[in-house]
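A short write-up of the structure that comes next.
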Amino acid sequence: MRTLTIYTDTYLEELAEATSGFIRRVKRPGQGYIKLYYERFDTEGFYSFLEWAAFQENAALKGIPKLAELTRGFISPDIGLRNIRILDEYIKKNRTLHVEGYVHFRMAEYNDYLNRLLYGILRRAKV
């Protein structure tokens with residue numbers, strides 16, 4: 001059985017909800033982490049939480065839900081598959097993950113993609 005300890009500074013309630021499907025987990029709300037025990041990690045399911053966190057960390061997308069929804073519709077499925085593959089490789093090699101750190105540093109290219117996509121949408125709308 002493998003383990004993964006997931007730390008977060010801001011999204012502990014959302015993390016608890018996103019990991020509710022794991023049969024065995026230990027929640028430490030006072031310490032800001034949840035420890036998961038698993039045989040096979042659901043990378044796709046967990047990536048959707050990380051993608052949500054990336055949208056929350058983007059000031060423009062967090063502040064305007066309709067814009068976030070519109071932006072999400074323009075994201076290429078290939079980008080998501082690539083990010084899932086990278087996350088899967090990361091989890092195979094590491095036993096800890098800090099949500100905000102992963103979103104800011106490991107998903108930096110994705111965040112840049114979101115900003116460029118957002119710029120293109122706003123430019124077409126001539127805002």
Side-chain angles (χ1 to χ4, degrees):
M1 183 164 286
R2 301 182 65 146
T3 62
L4 179 67
T5 304
I6 307 170
Y7 295 90
T8 182
D9 298 325
T10 310
Y11 308 114
L12 193 58
E13 288 179 28
E14 294 85 359
L15 176 61
E17 186 178 316
T19 58
S20 64
F22 285 86
I23 296 171
R24 186 163 176 228
R25 66 185 178 151
V26 177
K27 296 191 291 186
R28 300 282 189 225
Q31 297 171 352
Y33 75 86
I34 294 177
K35 188 171 197 167
L36 305 174
Y37 298 87
Y38 60 92
E39 293 294 330
R40 184 185 167 288
F41 191 82
D42 178 18
T43 310
E44 278 187 53
F46 190 70
Y47 173 72
S48 63
F49 165 73
L50 289 177
E51 185 178 47
W52 172 86
F55 273 68
Q56 296 303 305
E57 293 292 310
N58 186 305
L61 294 174
K62 179 181 180 180
I64 308 171
K66 287 186 179 182
L67 182 59
E69 186 178 322
L70 181 65
T71 304
R72 191 175 312 254
F74 284 110
I75 296 173
S76 169
D78 295 338
I79 300 291
L81 292 174
R82 181 177 175 274
N83 285 342
I84 290 169
R85 189 181 71 248
I86 291 169
L87 174 62
D88 194 48
E89 291 171 10
Y90 179 86
I91 289 174
K92 285 178 183 175
K93 295 178 184 176
N94 296 283
R95 296 286 156 248
T96 61
L97 184 144
H98 185 268
V99 173
E100 292 84 356
Y102 191 89
V103 166
H104 284 285
F105 298 107
R106 300 269 176 185
M107 293 177 68
E109 189 175 314
Y110 179 70
N111 291 323
D112 184 53
Y113 173 77
L114 284 178
N115 287 330
R116 285 185 282 124
L117 191 58
L118 183 59
Y119 175 76
I121 290 170
L122 293 175
R123 189 170 171 194
R124 284 187 188 147
K126 297 182 182 183
V127 174

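This structure is a prediction, so every number in the text was calculated from the model and none was measured.
Here the OG1-CD distance, from T10 to Q56, works out to 10.0 Å after rounding to the nearest 0.5 Å. Interatomic distance, CG of L4 versus OG1 of T96, reported as 7.5 Å (0.5 Å rounding). We find the OH-CG distance between Y119 and L117 to be 13.0 Å, quoted to the nearest 0.5 Å.
Judged as a ring pair (Phe, Tyr, Trp, His ring centres under 6.0 Å), and not counting sequence neighbours, the contacts of Y7 are Y33. In terms of the side chain to side chain donor-acceptor pair (under 3.5 Å) criterion, residue partners of Y47 (sequence neighbours excluded) are, by chain and number, N83. With sequence neighbours excluded, no residue forms a ring pair (Phe, Tyr, Trp, His ring centres under 6.0 Å) with Y110. Under the ring pair (Phe, Tyr, Trp, His ring centres under 6.0 Å) criterion, F41 pairs with F22, Y38, F46, sequence neighbours left out. Qualifying side chain to side chain donor-acceptor pair (under 3.5 Å) partners for Y11, counting only residues two or more places apart in sequence or in other chains: E57.
Hydrophobic cluster membership is shared by I64 and F55, with clusters built from Ile, Leu, Val, Met, Phe, Trp and Tyr side chains linked at under 4.5 angstrom.
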M1 and E39: CA distance, side-chain angles, deciding distance, side chain to side chain contact (heavy atoms under 4.5 Å, CB included) verdict: CA-CA 5 Å; M1 183 164 286; E39 293 294 330; 3.7 Å; yes
Worked verdict on T5 versus V26 for side chain to side chain contact (heavy atoms under 4.5 Å, CB included): CA-CA 9 Å; T5 304; V26 177; over 6 Å; no
Stepwise side chain to side chain contact (heavy atoms under 4.5 Å, CB included) check, L87 with L97: CA-CA 10 Å; L87 174 62; L97 184 144; 4.1 Å; yes
Step-by-step side chain to side chain contact (heavy atoms under 4.5 Å, CB included) determination, F49 to T19: CA-CA 9 Å; F49 165 73; T19 58; over 6 Å; no
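Heavy-atom minimum distance, I91 versus R2: O-NH2, 3.9 Å. Of all the heavy atoms in V99 and A53, the pair that sits closest is CG1-CB, 4.1 Å. Between L12 and G32, the closest heavy-atom pair is CD1-C, 4.1 Å. The two atoms that bring L15 and T8 nearest to each other are CD2-CG2, 4.0 Å, heavy atoms only.
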Please list, one pair per line, the donor and acceptor atoms closer than 3.5 Å that link side chains of residues 68-76 to other protein atoms, with sequence neighbours excluded.
residue, atom, partner, partner atom, Å
T71, OG1, L67, O, 2.8
S76, OG, D78, N, 3.3

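Applying the salt bridge (charged side-chain N to carboxylate O under 4.0 Å, His left out) rule to pairs touching residues 81-101 yields R82-E109, D88-K92, sequence neighbours excluded. Residue pairs that meet the salt bridge (charged side-chain N to carboxylate O under 4.0 Å, His left out) test with at least one member in residues 112-121, sequence neighbours left out, are D112-R116. Within the structure, the salt bridge (charged side-chain N to carboxylate O under 4.0 Å, His left out) test picks out no pair touching residues 7-32 (sequence neighbours left out).
A side-chain donor from one of N115 and N58 sits under 3.5 Å from a side-chain acceptor of the other.
The local environment of OH in Y90 is crowded, with over 12 non-hydrogen atoms from other residues, nucleotides or ligands closer than 6.0 Å.
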